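Below is one structure, written out as structure tokens, with a few remarks after it.
Keep in mind that this is a model prediction, so the values were computed, not measured. Read the numbers this way: they start at 1 and go in the same order the structure lists the ligands and their atoms.
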Amino acid sequence: MKPVLAVNMKTYRSAFGPEGRSLARDAGRVAQEADVRVILVAPLVNASSIAGVYGDVYIQHADPLDLGAHTGYTPVEAAALEGFKGVMVNHSEHKVTYRHLQAVVERARELGLEVLACADTPEEAAAAALLKPAMVALEPPELIGTGIPVSRAKPEVITRGVEAVASVDRGVAVLAGAGITSGEDAKRAVELGARGVLVASAVMKAKDPYRKMLELAEAMARV
Ligand SMILES: O=C(CO)COP(=O)(O)O
């Protein structure tokens with residue numbers, strides 16, 4: 001199975017408008033050039049525009065609601081109707097209850113959508129794995145956005161998380177995230193047992209997002 005480079009575009013300026021579409025083109029180039037799956041986790045407001053440029057797109061959040069009279073929410077089925085590959089849920093910057101996560105995973109499974117369930121700790125990752133999402137992203141919140149890579153500063157979080165998830169379900173892949181900025185950081189995460197990485201600022205604040213994504217992807221592909 002190919003390593004995974006997931007880019008959480010968050011709400012950085014470079015996620016929107018022409019810059020966002022340019023970054024989507026960059027992601028397509030990297031997916032062609034490196035033997036790595038590249039997933040863009042796009043903001044709800046422009047995810048369809050991003051997916052119109054590059055197809056492997058998740059949205060950053062979804063709600064366990066049926067289609068209908070709900071204002072300002074995103075039913076899981078809406079993501080399926082828009083043709084996205086999946087949904088990310090429970091990011092530390094948008095936490096949900098376990099019942100919300102469970103309902104989203106169940107509805108997504110019915111609709112053929114992948115789920116990237118986020119977790120702050122190995123224990124939370126194991127609990128998420130019980131729901132059988134496609135992937136769990138393990139990100140210690142205190143390292144997010146710091147440039148201090150989890151794979152260097154807290155490698156035991158990755159190894160404990162990979163073990164905890166495998167003890168629940170070997171079919172659930174673990175992505176490592178938080179502070180990852182270089183190919184070396186990403187390579188280390190895969191060497192520690194992660195299937196890939198979930199990154200944000202290293203790409204979204206890069207002068208050249210293409211070069212940064214290629215650096216991260218090629219480093220993981222070499223492991
Ligand atoms: O929150 C993250 C990805 O979802 C990690 O953020 P940084 O890559 O900016 O540390």
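Those atoms of ligand 1 that come under 4.0 Å of a heavy atom in V199, given as number and element, are 8 (O). Near K10, with a cut-off below 4.0 Å to any heavy atom, the atoms of ligand 1 are 1 (O), 2 (C), 6 (O). The I144 neighbourhood of ligand 1 comprises atoms 1 (O), 6 (O), 10 (O), with distances under 4.0 Å to a heavy atom of that residue.
Residue contact annotation: A178 has a non-hydrogen atom under 4.0 Å from ligand 1.
Among protein heavy atoms, atom 2 (C) of ligand 1 sits closest to E139 OE2, 2.9 Å. In terms of protein heavy-atom proximity, atom 8 (O) of ligand 1 is nearest to A200 N, 2.9 Å. Regarding atom 4 (O) of ligand 1, its nearest protein heavy-atom neighbour is H91 NE2, 2.8 Å.
Nearest to atom 7 (P) of ligand 1 by heavy atom, out of G147, A137, S201, is S201.
A side-chain N or O of Y210 and one of E33 form a donor-acceptor pair less than 3.5 Å apart.
Contact detail for P43 and K10: the closest heavy-atom pair is CG-O, 3.3 Å. The two residues D63 and V104 have their closest heavy-atom pair at C-CG2, 4.2 Å.
For the atom pair E139 CD and E124 CD, the distance stands at 11.0 Å (nearest 0.5 Å).
Under a cutoff of 6.0 Å and an axis angle of 45°, R25 and Y54 do not form a cation-pi pair.
Polar contact check, G145 against ligand 1: a nitrogen or oxygen pair lies under 3.5 Å apart. In terms of N/O distances under 3.5 Å, ligand 1 is not approached by E93.
Other residues, nucleotides and ligands place more than 12 heavy atoms under 6.0 Å from the CG atom of D169.
The aromatic rings of H94 and H61 lie parallel to each other, their planes meeting at an angle below 30°, with 60° marking the opposite boundary.
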